[in-house]
Structure formats: C-alpha cells, structure tokens
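Sequence positions, counted from 1, serve as the residue numbers for this chain.
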Amino acid sequence: MTGQGHITTGQQGENAACAYLESLGHTIVARNWRSAHKEVDIISLTGDELHFVEVKSRTSSSFAAPEVNVTRSKMSNIISAARAFLHSKAAQGLPRNLEVIFDVVAVVLESAKPQITYYPNAYKAIYV
C-alpha cells in the first residue's frame, strides 16, 4: 500500500472515530495534536473526563485486529504527548481537575459502514 493510501485510511478511520465519539457525547478538543515527534490522534472531553484517544484503522479484518498495534511503546508516547498537552496553551481553556482517560478506537473500513470498536479507559498512565 502506498503512503497516500495509508494516510487516506488513517484519515477515514479518524473521521469515523470522531463521529462515533461525538455520538457518545464527546466534544472533540483537538485532532492530531503533536508534541515534538509524539502525537495524539483525538483529544475529547466528556463531563469531567479528558480523553486521549489512539485510533487504529484497517481496510480489512483478515489479518490482525487494528487494536493489537497499540504497543507499550505507543502507549508511552501517547502518555508523554498527553502530559505535554496538559501543560500547553491548548489546554488552558479546559476545566481544571479533569480525570485523564486513555482510550483506543479500532476502525475496520471493509464496507460502506465502518466497523468501530471502542475501548474506553484502555490503559492507565503508570509512573515509576
């Protein structure tokens, strides 16, 4: 698959994930937020929770499920990016004392209607 195809699949998956999260009552705060070389696909708000969401998209479910590619290293990078976001100007307008949640959304784009699996609170930030 070409690089452009990969980008298109990723964008389609993120668009589907945003629509799905919004249908659950999330307000999208940011998309593709970057800190240095680390990125968070979606940052959303629900009540007193701030969600940092990793989206994994595939065009087929024939091989591995998309969510299996959220590795410990990826989780660590998202946690680092989340920490940077919380200390950035982008977070200044948000309510204080939000609970930070790390979610995963898996999107399979095999048919006209994407198959979406949502893993709220998929992992915790553990500081050692």
Keeping T71 on the side-chain end and K74 on the backbone end, is there a donor-acceptor pair under 3.5 Å?
yes
Counting only N and O atoms by type, is there a donor-acceptor contact under 3.5 Å from the side chain of S80 to the main-chain atoms of S76?
yes
With the side chain counted from C-beta on, respond yes when [X] and [Y] share a heavy-atom pair under 4.5 Å apart, and no when they do not.
X   : Y   : value
V29 : S44 : no
V53 : L21 : yes
D41 : N32 : yes

Begin from the C-alpha positions of K56 and V70 and carry the test side chain to side chain contact (heavy atoms under 4.5 Å, CB included) through to its verdict.
CA-CA 8 Å; K56 287 297 182 189; V70 183; 3.7 Å; yes
Which heavy atom in [X] sits nearest to a heavy atom in [Y], and how many Å separate them?
X    : Y    : answer
E67  : V104 : CB-CG1, 4.2 Å
G10  : S57  : O-OG, 4.3 Å
S88  : W33  : OG-CZ2, 3.7 Å
T46  : G25  : CG2-O, 3.9 Å
E110 : T59  : CG-O, 3.2 Å

If you apply the rule side chain to side chain contact (heavy atoms under 4.5 Å, CB included), what do you find for F85 with F52, and how did you get there?
CA-CA 10 Å; F85 176 82; F52 292 88; 3.8 Å; yes
Pairing residues for N77 by the side chain to side chain donor-acceptor pair (under 3.5 Å) criterion, not counting sequence neighbours
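Counting only residues at least two positions away or on another chain, N77 forms no side chain to side chain donor-acceptor pair (under 3.5 Å).
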Spacing of [atom1] belonging to [X] relative to [atom2] belonging to [Y], to within rounding of 0.5 Å:
X    : Y    : atom1 : atom2 : answer
S35  : L86  : OG    : CG    : 11.0 Å
R31  : Q11  : CZ    : CD    : 8.0 Å
I101 : H51  : CD1   : NE2   : 5.5 Å
N15  : L109 : CG    : CG    : 10.0 Å

Please list, chain by chain and in numerical order, all residues satisfying ring pair (Phe, Tyr, Trp, His ring centres under 6.0 Å) with Y123, sequence neighbours excluded.
F102
Answer yes if the side chains of D103 and Y119 hold a donor-acceptor pair under 3.5 Å, and no otherwise.
no
Is it true that E39 and R34 make a salt bridge, defined as a side-chain N closer than 4.0 Å to a carboxylate O?
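Judged by the 4.0 Å cut-off on N to carboxylate O distance, E39 and R34 do form a salt bridge.
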In this structure, which one of V105, V107, V55 forms a side chain to side chain contact (heavy atoms under 4.5 Å, CB included) with E14?
V55
Among I43, L45, I42, the one residue meeting side chain to side chain contact (heavy atoms under 4.5 Å, CB included) with I28:
I42
Starting from M75, can I reach Y118 by hopping between I/L/V/M/F/W/Y residues whose side chains sit under 4.5 Å apart?
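No, it is not one cluster - the side chains of Y118 and M75 are not joined through contacts under 4.5 Å.
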